[in-house]
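The next block holds one structure in the form of structure tokens; read it before the comments.
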Amino acid sequence: MKKTALLFIMTAAVAAALLTGCGSESAAVPSPETAQTAPAADNDKADTAESDSQETDAKEETAEDKPSAAPAGEDSEDAPLPGDSIGPVSFMPNEKGYYMVYGSNTLHAYFKRQDVIPGTGKMTVHRLSDDSVVEEINLEDKEKCLVGEQDSTFSLLGWNSGTHLVIRLADTPESGETYYVNLEEGAFTSSDGTIRSKELTDASSWCYGVANYGVVPSLPSGSAVFVGDVLTADILVRKPAVLARVENYDENRVRFNEKEFQQDGKLDIKIYQLGEDPFTVTFYDEDDNPLGSITLSYTASMPPQPEEEIPQKTITDL
């Protein structure tokens, strides 16, 4: 297996050995080789179970260790987009082996169309084990759903451009749990409002598990802090992960007590500069292949100046 450097924002790409498969209590967990297949599904064709043709398309897609080649079929860059469809969409994390790193609290939707925006339809997150509702999300809430950067996932999917939407969950999903997402009609629309996504009501089209390795920070990502603060995070290195490495940071802005962890440990994070201070923790398997990553970012401001003491007046007896 070739070494790759694919990093997902608050997502993970691994088959955790103890996780239950989506849509079936006895489903087998994908092998690392299976987990490398890049997902690309059409949201307008999602139904209770994925069709045989979709499974065939998935097998033809480019593996993670060959990111330069474009997937075959309608997801290739030259394929025209349907004029009345929201177009191909890939959900992350998902049941095709892309597991969420424990400590993450974001979901991602990648669209080949460039004009996709959050719509009026509601999004509901369920726990697979009992179908209970974990969270309901109004996608029009800009604090909950926002446009993300065009990252390396587009290249993996074979798309030169598109739309990346990031959905923030209220709580951190539990390690070892499996979840699925349902969408009301119109959850995503074109910017002019003429095209609306169809509803997603099954438990398999967007389903994901949570890995048992990850990062548990003392303060959630996005928190406001002061320059000079020292934050902490628990690094959990569990099989199949054997190494966690701190990456993608500016040493002039943020520094750490350790940069690599081969077992569970405590990460100290010291903030040096004003503004946003992001960094990524990436987990690797025994062959040094990246399994998944989590990005944390804190926005620092200057600490308040201490108030000057008011001098006490001297009382003199007259």
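We number each residue from 1, following the sequence as shown.
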Sidechain-backbone polar pair: Asp192 side chain, Thr194 backbone, donor-acceptor under 3.5 Å: yes

side-chain contact (heavy atoms from CB on, under 4.5 Å) between Arg113 and Ile195, intermediate numbers included: CA-CA 11 Å; Arg113 296 190 74 101; Ile195 302 173; 3.8 Å; yes

Any donor-acceptor N/O pair, Ser191 side chain to Val116 backbone, under 3.5 Å: no

Residue pair Ile117 / Thr189, side-chain heavy-atom distance below 4.5 Å: yes

Gap between atom CD1 of Ile137 and atom CD of Glu143 - 0.5 Å precision: 13.0 Å

Phe111 to Phe154 - nearest heavy-atom pair and separation: O-CE2, 3.9 Å

Same apolar cluster: Val216 and Leu169, side chain cutoff 4.5 Å: yes

hydrophobic_cluster_shared for Leu231 and Val215, side chain cutoff 4.5 Å: yes

Aromatic plane relationship, Phe91 with Trp206 - under 30° parallel, 30 to 60° tilted, over 60° perpendicular: parallel

Val254 to Ile269 - nearest heavy-atom pair and separation: CG2-CG2, 3.5 Å

Interatomic spacing from NZ in Lys144 to CD1 in Ile167 - rounded to 0.5 Å: 11.0 Å

Full working for side chain to side chain donor-acceptor pair (under 3.5 Å) between Arg245 and Thr282: CA-CA 5 Å; Arg245 185 178 294 141; Thr282 304; over 6 Å; no

Student check: side-chain heavy atoms of Met123 and Leu107 closer than 4.5 Å: yes

Asp264 side chain vs Val237 backbone, donor-acceptor pair below 3.5 Å: yes

Inter-residue atom distance Gln150.CD - Ser155.OG, 0.5 Å rounding: 8.0 Å

Side-chain donor/acceptor of Glu135 to backbone N/O of Ala170, under 3.5 Å: yes

Whether Tyr110 and His164 hold their rings parallel, tilted or perpendicular, with breakpoints at 30° and 60°: parallel

Separation of Asn105 CG from Asp171 CG (nearest 0.5 Å): 9.0 Å

Which residues share a ring pair (Phe, Tyr, Trp, His ring centres under 6.0 Å) with Phe226, sequence neighbours left out: none

Salt-bridge contact Lys266-Asp234 (side-chain N to carboxylate O under 4.0 Å): yes

Side-chain heavy atoms of Pro118 within contact of Leu165, under 4.5 Å: yes

Separation between CD of Glu199 and NZ of Lys122, rounded to the nearest 0.5 Å: 12.5 Å

Closest non-hydrogen atom pair between Thr106 and His108, with its separation: OG1-NE2, 3.2 Å

Min side-chain heavy-atom separation Glu177-Tyr102 under 4.5 Å: no

Heavy-atom donor-acceptor pair, Thr232 side chain to Ser218 backbone, under 3.5 Å: no

Over all atoms of both residues, closest heavy-atom pair of Ala300 and Gln273: CB-O, 3.3 Å

Asn257 side-chain N/O to Asp268 backbone N/O, donor-acceptor pair under 3.5 Å: yes

Check: Val101 main-chain N/O paired with Ser104 side-chain donor or acceptor under 3.5 Å: yes

Exam field: side chain Arg196 to backbone Glu185, donor-acceptor pair closer than 3.5 Å: yes

Ser221 backbone acceptor or donor facing Ser297 side chain under 3.5 Å: no

Heavy-atom check, side chain of Tyr284 versus side chain of Glu260, under 4.5 Å: no

Geometric class of the His126/Tyr180 ring pair [parallel <30°, tilted 30-60°, perpendicular >60°]: parallel

Minimum heavy-atom distance between Val181 and Tyr208, given as atom pair plus value: CG2-CE2, 4.0 Å

Close side-chain approach of Leu139 to Asp141, heavy-atom, < 4.5 Å: no

Atom CD of Gln263: over 12 foreign heavy atoms under 6.0 Å: no

Arg168 atom CZ: more than 12 heavy-atom contacts under 6.0 Å: no

Leu291 and Tyr213, any side-chain heavy atoms less than 4.5 Å apart: yes

Flag side-chain contact, heavy atom, 4.5 Å: Met92 against Asn94: yes

Ile86 backbone acceptor or donor facing Ser197 side chain under 3.5 Å: no

Thr280 vs Thr295, side chain to side chain donor-acceptor pair (under 3.5 Å): CA-CA, chis, key distance, verdict: CA-CA 4 Å; Thr280 300; Thr295 297; 3.0 Å; yes

Nearest heavy atoms of Cys207 and Leu128, plus distance in Å: SG-CD2, 4.4 Å

Reported CG-to-CD distance for the pair Asn138 and Glu184, which is rounded to 0.5 angstrom: 9.5 Å

